[in-house]
Amino acid sequence: FSRGRASVNHATVLMPWLNLAADMNGDNSADDDINNTAEGVAPGLVLGSGARRKLKLICRPNPLWAGKVKLTASRATGATGHIKVFRDGDSTPIIDTGAATPDMSEEWDLTTTLRFGDISAGLYWVEGTGVVSTPGEIELTLGYEPPVGVSAHPGDPATDLPLCKEDKLLVTVLKVEFKEGAACSGFDGKFETPPALAVVKGKTNTVKAEISPAGAVSSVFFKSQDAAKASVAPSQASSTPQTLTVSGIDEVETQIDAKLGSLTGQTCASLKTEVFKEVAVKVAFHLIADDANDDNVSGAGDHKTTRTAAAMQGYIDGANAIWGQYGVKFEILQTGGQDADTCQMNADFGTAVDDPPANTEEAQIINQCKNNNADINVYFVWAINPPDATGYPASKDLFIQDVLVGNPTANILAHEAGHLIGVAGDYNGTETPPHSNSEVMWGAGPVGCEISFQDGKKGHDTAEGF
């Protein structure tokens with residue numbers, strides 16, 4: 001900016017040079033808009049919704065002894081964005097564009113004992129209170145009005161303007177929200193603040209960043225706080241939603257931040273990120289039959305499961321698709337080269353195997369059929385009373401009947417195995433916030449494949465201790 005001289009009563013007044021220094025680098029006005037674009041070019045000063053950025057009001061010469069200085073906010077037609085401006089240490093804003101009665105400006109009269117040095121001595125803060133629909137739709141102007149009788153353009157009164165020297169700063173208030181990259185992918189945005197993402201060591205996971213407004217995507221950058229153990233790509237957004245790939249390099253609890261303007265800019269959103277190493281859980285499957293015909297041979301008249309050893313791998317794969325989000329991998333412990341052994345009891349258990357404490361039928365099966373080399377033993381039976389499945393966390397034993405109501409076997413296996421690896425679960429929707437049947441640890445009816453971050457971490461850490 002240039003400075004001019006004006007005359008009043010034959011006295012010379014030096015017209016001020018003003019600067020809205022949002023970059024906090026002193027008198028350099030070339031990059032006031034943070035992104036090194038020319039003044040008046042969007043996006044200008046970029047800040048996150050609910051966040052604050054520093055603002056400095058600079059004047060040369062200083063002190064300035066006469067006239068008025070005015071800070072004004074304006075919004076484009078149809079604008080949705082809003083800001084507040086505070087003086088450092090004050091809780092009441094001097095500008096609030098979103099108030100019931102908008103307060104759009106603050107004026108300082110320098111003809112009083114107030115001097116511009118008093119105004120510019122402290123810091124100011126710009127707070128984003130409403131997301132814009134278009135980048136740069138809010139404008140801050142710092143202007144100077146000379147004393148009455150002083151011409152802003154000496155020798156050419158016809159071109160005199162009320163605000164003779166001013167600096168403008170466009171403001172963009174944006175929002176970045178992390179969302180799941182795919183269903184049942186180790187993302188938890190419901191129970192975790194900030195949202196959380198699980199990544200398995202040596203593998204990748206994806207997450208989406210939704211950016212509002214879309215026109216400001218190039219102002220958003222992504223940075224891992226520990227890139228040596230959990231990296232993120234790309235480093236700069238080019239679209240919304242922006243798909244991010246997070247690579248699990250080594251076990252770590254870290255955070256991925258959405259930054260404004262550059263990789264060192266203000267953080268406007270964060271994603272808690274944990275890399276889990278893969279842990280193996282050995283599972284032994286048993287196909288149970290009784291001896292209802294009392295001949296000590298499995299055959300007609302005996303009660304037995306209709307499941308086959310050939311089906312076991314499919315059940316394991318389904319359970320791993322769910323618990324694999326948190327690095328838990330179930331592996332079949334074969335018996336005699338088979339994925340499941342056939343274990344015949346020497347008693348008639350009737351049309352259904354009773355749960356304790358009705359009797360000790362399940363205890364008999366465990367005592368006779370259990371593989372002590374396995375972390376979990378699963379017993380398939382024809383029916384259970386009461387149905388569908390039941391597990392015993394202390395002994396790591398699980399019973400599943402043939403006919404399941406509303407649930408695939410893999411989901412029931414994942415749910416019950418979740419109990420055996422330390423997750424209480426059995427949610428019913430009365431929790432705060434409420435759980436739902438999209439989760440595998442839901443306890444009332446059909447279950448899904450989602451796992452909350454805390455349940456996933458608990459299950460992983462318990463399984464790691466097997």
Side-chain angles (χ1 to χ4, degrees), residues 1-9 11-34 39-40 44-45 47 52-75 82-99 101-127 136 138-154 156-157 159-171:
F1 297 97
S2 61
R3 289 179 287 179
R5 294 183 181 274
S7 297
V8 54
N9 297 328
T12 300
V13 176
L14 187 64
M15 286 301 175
W17 177 95
L18 301 176
N19 184 14
L20 277 169
D23 46 53
M24 302 309 298
N25 65 352
D27 289 350
N28 176 17
S29 62
D31 58 351
D32 283 352
D33 48 22
I34 304 302
E39 182 185 86
L45 169 63
L47 69 160
R52 291 184 176 187
R53 295 293 298 268
K54 293 178 181 179
L55 185 67
K56 188 79 172 177
L57 311 185
I58 297 176
C59 177
R60 297 292 182 271
N62 192 6
L64 185 62
W65 298 95
K68 296 178 181 180
V69 172
K70 190 173 185 178
L71 181 64
T72 304
S74 60
R75 300 169 66 241
H82 287 286
I83 61 169
K84 293 179 181 179
V85 179
F86 298 84
R87 182 155 185 167
D88 191 37
D90 291 346
S91 59
T92 301
I94 60 174
I95 289 177
D96 185 354
T97 68
T101 302
D103 189 354
M104 305 296 286
S105 65
E106 179 74 3
E107 183 176 273
W108 295 275
D109 187 349
L110 305 183
T111 60
T112 66
T113 56
L114 181 68
R115 301 292 177 253
F116 193 82
D118 301 320
I119 302 169
S120 60
L123 289 176
Y124 291 79
W125 296 89
V126 182
E127 178 181 315
I138 304 171
E139 183 177 79
L140 280 174
T141 301
L142 181 63
Y144 175 71
E145 181 179 349
V148 176
V150 176
S151 172
H153 302 274
D156 187 12
T159 60
D160 194 8
L161 298 172
L163 294 175
C164 58
K165 300 293 178 183
E166 61 183 25
D167 192 14
K168 295 179 180 291
L169 182 67
L170 298 183
V171 181

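Minimum interatomic distance between Leu71 and Ile95 (heavy atoms only, all atoms of both residues): O-CD1, 3.6 Å. Taking every heavy atom of both residues into account, Met104 and Ser74 meet most closely at CE-CA, 4.2 Å. The heavy-atom pair separating Asp103 from Ile94 by the smallest distance is OD2-O, 3.4 Å.
Looking only at side-chain heavy atoms (C-beta outward), Leu55 and Leu169 come within less than 4.5 Å of each other. By the 4.5 Å heavy-atom criterion applied to side chains, Trp125 and Lys54 are counted as neighbours.
Partner Lys168 forms a side-chain contact (heavy atoms from CB on, under 4.5 Å) with one of Thr141, Leu142, Thr72 and no other, that one being Thr141.
For Glu106, there are no side-chain hydrogen bond (donor to acceptor under 3.5 Å, both in side chains) partners, not counting sequence neighbours. Not counting sequence neighbours, the partners of Arg52 by the salt bridge (Lys or Arg N to Asp or Glu O under 4.0 Å) test are Glu127.
Interatomic distance, Phe86 CZ to Asp96 CG, rounded to the nearest 0.5 Å: 7.0 Å. Here the NZ atom belonging to Lys70 is positioned 12.0 Å from the CG atom belonging to Asp109, to the nearest 0.5 angstrom.
The backbone N or O of His82 lies less than 3.5 Å from no partner atom in the side chain of Thr97, so there is not a single donor-acceptor pair.
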